[in-house]
Amino acid sequence: MRWCVLTWALALAACGGSKPARQPTTPAAKAAAPKPASDAEVTYTDLPPEPQPATATPAPPPPAPEPAAPALTGPKPPTLDLPADKRSAIVQEQLRKADQALKARDADTAMRAARAALDADESSVPAMIRLAHAYYLKGYDDKVEAVLTIAKRQREGDQSPVLWMLLGLTYDRTHREDEALSAYERSTSLRPDYIAALHNKGTIYLKRKRYADAVNVFERLVSLQSQSARAHTYLGAAYRGRSADDPTARDTLLRKAEMELKLAQQINPGYAPAYFNLGILYLDADPFPGLDGLPRMQSAQKFLAEYKQRAGPGGVPIVDDHIAAAQKGIEREQKALERKKKKDAQQQKKKAGDK
């Protein structure tokens, strides 16, 4: 799954006659890059939820795609001769088996169950969607699209938020961002509280610097997931970006960003991206409302160092460049304070001499 890289080259305008805003001192902020929600967050609503299996078997590495296209039709299965109610019961049972297998990321079992459901009802959209989900786990992107294209021809398929979520994930994985965004937007239009699709839509808005849209999405996510450190972190990132687009509300947006990022840390002290984003917020937002230069730079360095510690080897190496930039900022502010102190002392001495 690719990471959506955020690049914020913000030239923040000053408010209320304060000193001009400095250009950002840091390289592009990469560690805050939101990761699209995974297929594990695909959820179904056409069946009652099943208990989570006690253990989950990780999916094996995707093998090479099979050359044959998925065949949803073929010789007439014996189940088609059964009464409609019995065929329906078979479909429901196989869908339950598919769901359990998908939760355990057992793609092969899920495929067998979905195909068994299609043997009983070749037009079953829920079975097609499960089959596509299993293909996604196997890495068969062409098959995912082929199956979902068939499913979309039915109204039930076209109106399925899960179908559009799976298409978005497939487009995302195959680097078709425009199509992925359209699919996520379609998914959330059908299910406004679809958390995974909302998240993925918001990450693309952030990448494309559509900060007003990103704010709307992540405010919605926070309302749905008030205890999600991830949602609060991305909302903070959206407020930070939005502050460059709306100079009249700059200070308010920066304070909102600060509040969301600190809340994310309180909710989950181990969530590293919250520390990185807060460090970058202090490092680049010059001036920062209510915070002088030296404590601002010291705070930036502190939170970036905490990010590095929490992220460990999996963190983004460029954080060292941000920490170095913060150290230079600290030294610059210290020198400025020393110059001011000397100037004040000289002025006091001159006043004393004039008396």
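Worth saying up front: this structure is predicted, and the values here are computed from it rather than measured. These numbers come from the heavy atoms of this one structure, side chains and all, not from hydrogens, waters or symmetry mates.
When only modelled atom types and interatomic distance are considered, Gln327 and Glu331 share a side-chain donor-acceptor pair under 3.5 Å. The closest side-chain donor-acceptor pair between Arg176 and Thr174 falls under 3.5 angstrom. Looking only at atom types and distance, the side chain of Tyr184 has a donor-acceptor partner in the side chain of Asp172 under 3.5 Å away. Judged purely by distance below 3.5 Å, without hydrogens or angles, the side chains of Thr248 and Asp246 pair a donor atom with an acceptor atom. Defined by atom type and a distance below 3.5 Å, a donor-acceptor pair is present between the side-chain atoms of Asp106 and Thr109.
One finds the CD atom of Gln334 at 5.5 Å from the CG atom of Leu294 (value rounded to the nearest 0.5 Å). Note: Arg186 CZ to Gln159 CD = 5.0 Å, rounded to the nearest 0.5 Å. Distance check, rounded to the nearest 0.5 Å: CD1 of Ile195 to CE of Met165 gives 11.0 Å.
Under the 6.0 Å cut-off for aromatic ring centres, Tyr307 and His322 do not qualify, their centroids lying 6.0 Å or more apart. Phe303 and Phe276 have their aromatic ring centers separated by at least 6.0 angstrom.
Hydrophobic cluster membership is shared by Ile150 and Val125, with clusters built from Ile, Leu, Val, Met, Phe, Trp and Tyr side chains linked at under 4.5 angstrom. Note on Leu281 and Leu291: same hydrophobic cluster, where clusters join Ile, Leu, Val, Met, Phe, Trp and Tyr whose side-chain heavy atoms are under 4.5 Å apart, directly or indirectly.
Taking every heavy atom of both residues into account, Ala264 and Thr233 meet most closely at CB-OG1, 3.3 Å. The two atoms that bring Gly279 and Ala300 nearest to each other are O-CB, 3.5 Å, heavy atoms only. Heavy-atom minimum distance, Ala98 versus Ala113: N-CB, 3.6 Å. Shortest non-hydrogen contact noted between Ala238 and Tyr211 is O-CB, 4.1 Å. The two residues Asn268 and Ala229 come nearest to each other via the heavy atoms CB-CB, 3.7 Å. Among all heavy-atom pairs drawn from Arg115 and Tyr135, the shortest one is NH2-OH, 2.8 Å.
Side chain of Ser223 to backbone of Arg220: a donor-acceptor contact under 3.5 angstrom is found. Between the Arg242 side chain and the Leu253 main chain, no donor and acceptor come within less than 3.5 Å of each other. With Arg250 contributing its side chain and Asp245 its backbone, the two residues share no donor-acceptor pair below 3.5 Å. For Ser88 (side chain) and Ala84 (main-chain N/O), no donor-acceptor pair under 3.5 Å exists by modelled atom type. For the pair Arg208 (side chain) and Thr203 (backbone), a donor-acceptor distance under 3.5 Å is absent. Looking only at distances, a side-chain donor or acceptor of Gln154 sits under 3.5 Å from a matching main-chain atom of Ser123. Here the side chain of Thr149 pairs a donor or acceptor atom with the backbone of Glu145 at under 3.5 angstrom. Counting only distance, with no hydrogens or angles, the side chain of Arg296 and the backbone of Leu283 share a donor-acceptor pair below 3.5 Å.
Under the side chain to side chain contact (heavy atoms under 4.5 Å, CB included) test applied with Ser124, the options Val91, Asp119, Leu131 reduce to a single match, Val91.
Asp251 has no carboxylate O lying under 4.0 Å from a charged side-chain N of Lys256, or vice versa, which leaves the two without a salt bridge. Taking 4.0 Å as the cut-off between side-chain N and carboxylate O, Asp320 and Lys308 count as a salt-bridged pair.
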Check: Would Arg240 and Glu258 satisfy salt bridge (charged side-chain N to carboxylate O under 4.0 Å, His left out), going step by step from the backbone distance to the final call?
Finding: CA-CA 9 Å; Arg240 174 180 179 264; Glu258 179 186 45; over 6 Å; no

Checklist line | Derivation and outcome, salt bridge (charged side-chain N to carboxylate O under 4.0 Å, His left out), residues Asp158 and Arg153 | finding: CA-CA 7 Å; Asp158 187 59; Arg153 293 171 186 162; over 6 Å; no

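Under a cut-off of 6.0 angstrom, the local environment of CD in Gln309 is sparse, with at most 12 non-hydrogen atoms contributed by other residues, nucleotides or ligands. Lys302 NZ: 12 or fewer foreign heavy atoms inside a 6.0 Å radius.
Remark: Arg310 is positioned above the aromatic ring of Tyr275, its terminal NZ or CZ atom under 6.0 angstrom from the ring centre and at most 45 degrees off the axis. Note that Arg191 lies in the cation-pi zone of Tyr194, set by a 6.0 Å cut-off to the ring centre and a 45° limit from the axis.
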